[in-house]
There are 2 protein chains.
Amino acid sequence: MESRIERLCVERGLKMTGQRRVIARVLSEASDHPNVEELYRRAALLDSRISIATVYRTVRLLEEQGILEKRDFGGGRARYEATEHGHHYHLIDIDTGKVIEFADEAHEALMQAVAARLGFDIVSVRLELFGRRREADLPAGDQATAPRPAEEAALQGRPPR
Amino acid sequence: MESRIERLCVERGLKMTGQRRVIARVLSEASDHPNVEELYRRAALLDSRISIATVYRTVRLLEEQGILEKRDFGGGRARYEATEHGHHYHLIDIDTGKVIEFADEAHEALMQAVAARLGFDIVSVRLELFGRRREADLPAGDQATAPRPAEEAALQGRPPR
DNA sequence: TTAACTGCAAAATATTTGCAAATTA
DNA sequence: TAATTTGCAAATATTTTGCAGTTAA
């Protein structure tokens, strides 16, 4: 079965090798933000004839094609996720390293406004909140935007302060 | 004369060596976002008995002390700026690599609200807009927040899309 | 005096690349 | 078949670290 990212590759006229197909599938199925080493690990489970150099080359290619986005949540390794239909941002729990995704309409509009004020069109946005879980958590109020489940993979190294 | 950052170091009980004093001064006087190599270059002009290892150790120390903040604007090298009194964010011109700082009250409030909704207190924020200058620039409207002058140092390597 | 700091060079970490062989279109 | 892609290992690039000597407090 053709994965979503494989389809995007074909649309862009990229040559589909076995390795590239496997990497595309792994990326399509990821719901977290894996780094290259993790992608390599997952890809190698499906097809051991894949080298880490190919994974590096592939994520770079896909990033250049606008199919993937590179993230940096601290920890030294770049992490990747598929370019999303709707924008979303990240809140990183500095104690556990968990990443929570969220979306916010108001933010969207505000950033456009700020950029316009400075004479720019926004090409991409990086918005990351580093926070700490509240001791006395608020009783669940009106959640305009429900958070997606946090991912498992913890960050290596200490997060920026 | 004691630089601002040197004073902060002393307040925190750090031992003030000649090298550290010079690095503190260079950092205090920087109005841009230098990387370690650039800091080393500037420091070495004032005192050639400084090694780049010391610069690395010093920025890490100062970051741990909350005196400096680490930034990543693409290009592979971490960049540093003194922790600010008021928060501000960055807009990176993807064609020239220039960094424009801006502040925005509304953003501030909004981010607090988003974090609160998810049950977090914000410890720090990373907000970077990557944009392209408008062809037909708007006639200067009401600028609630004036931009600070863009910095000179161009980014090495291609910026994230 | 001594705990903290430094320079140097080597190590560690992450990513890129040259090249010959393999593969897709 | 031709142009692209791959694996391997070596090369790069950035940052960290061990250690012996130096220095601030």
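Below, each value reflects all heavy atoms present in this structure, side chains not excepted, and no hydrogens, waters or symmetry copies. Every chain is numbered from 1, with letters handed out A, B, ... down the list of sequences.
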I need the [atom1]-[atom2] distance between [X] and [N], as an integer number of Å.
| X | N | atom1 | atom2 | result |
| --- | --- | --- | --- | --- |
| A:R60 | D:dT6 | CZ | P | 13 Å |
| A:Y80 | C:dT15 | OH | C1' | 9 Å |
| B:E37 | D:dA13 | CD | P | 10 Å |
| A:D72 | C:dT13 | CG | P | 18 Å |
| B:Y40 | D:dT14 | OH | C1' | 15 Å |
| B:E64 | D:dT16 | CD | P | 10 Å |
| A:Y56 | D:dT6 | OH | P | 16 Å |
| B:R12 | C:dA4 | CZ | P | 18 Å |

Ring pair (Phe, Tyr, Trp, His ring centres under 6.0 Å) against A:Y89, all qualifying residues, sequence neighbours excluded: A:F102
Residues forming a ring pair (Phe, Tyr, Trp, His ring centres under 6.0 Å) with B:H90, sequence neighbours excluded: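 Once residues adjacent in sequence are excluded, the partners of B:H90 under the ring pair (Phe, Tyr, Trp, His ring centres under 6.0 Å) criterion are B:H33, B:F73, B:H88.
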For DNA chain C, the residues among residues 43-53 of chain A that have a non-hydrogen atom under 4.0 Å from it: A:A53
A:D121 bridged to B:R134 by N-O distance under 4.0 Å: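 A salt bridge links A:D121 with B:R134.
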Taking N or O atoms only and anything under 3.5 Å, show me the protein contacts with nucleotides 1-3 of chain C, one pair per line.
residue	atom	partner	partner atom	Å
C:dA3	N3	B:K15	NZ	3.3

Sub-4.5 Å side-chain heavy-atom contact between B:M16 and B:C9: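 Counting from C-beta outward, B:M16 and B:C9 do come under 4.5 Å.
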Using the test salt bridge (charged side-chain N to carboxylate O under 4.0 Å, His left out), find all partners of [X] that sit at least two apart in sequence or belong to another chain.
| X | value |
| --- | --- |
| B:R71 | B:E69, B:E81 |
| B:E38 | B:R41, B:R42 |
| A:E29 | A:R25 |

Phosphate OP1/OP2 of C:dT6: any B:T17 side-chain N/O under 4.0 Å: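 Yes.
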Short side-chain N/O contact to D:dT23 OP1/OP2 from B:R20, under 4.0 Å: no
Nearest-nucleotide 5' precedence on DNA chain D, B:A78 against B:M16: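 Result: B:A78.
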B:D72: partners by side-chain hydrogen bond (donor to acceptor under 3.5 Å, both in side chains), with sequence neighbours left out: none
Nucleotide nearest A:R77 when distance is taken to its side chain, options C:dT15, D:dT5, C:dC5: C:dT15
First encountered from the 5' end of DNA chain C, between A:R57 and A:V36: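 First, find each residue's nearest nucleotide; the 5'-ward one identifies A:V36.
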Residue pairs passing the side chain to side chain donor-acceptor pair (under 3.5 Å) test where at least one lies in residues 15-24 of chain A, sequence neighbours excluded: A:E6-A:R21
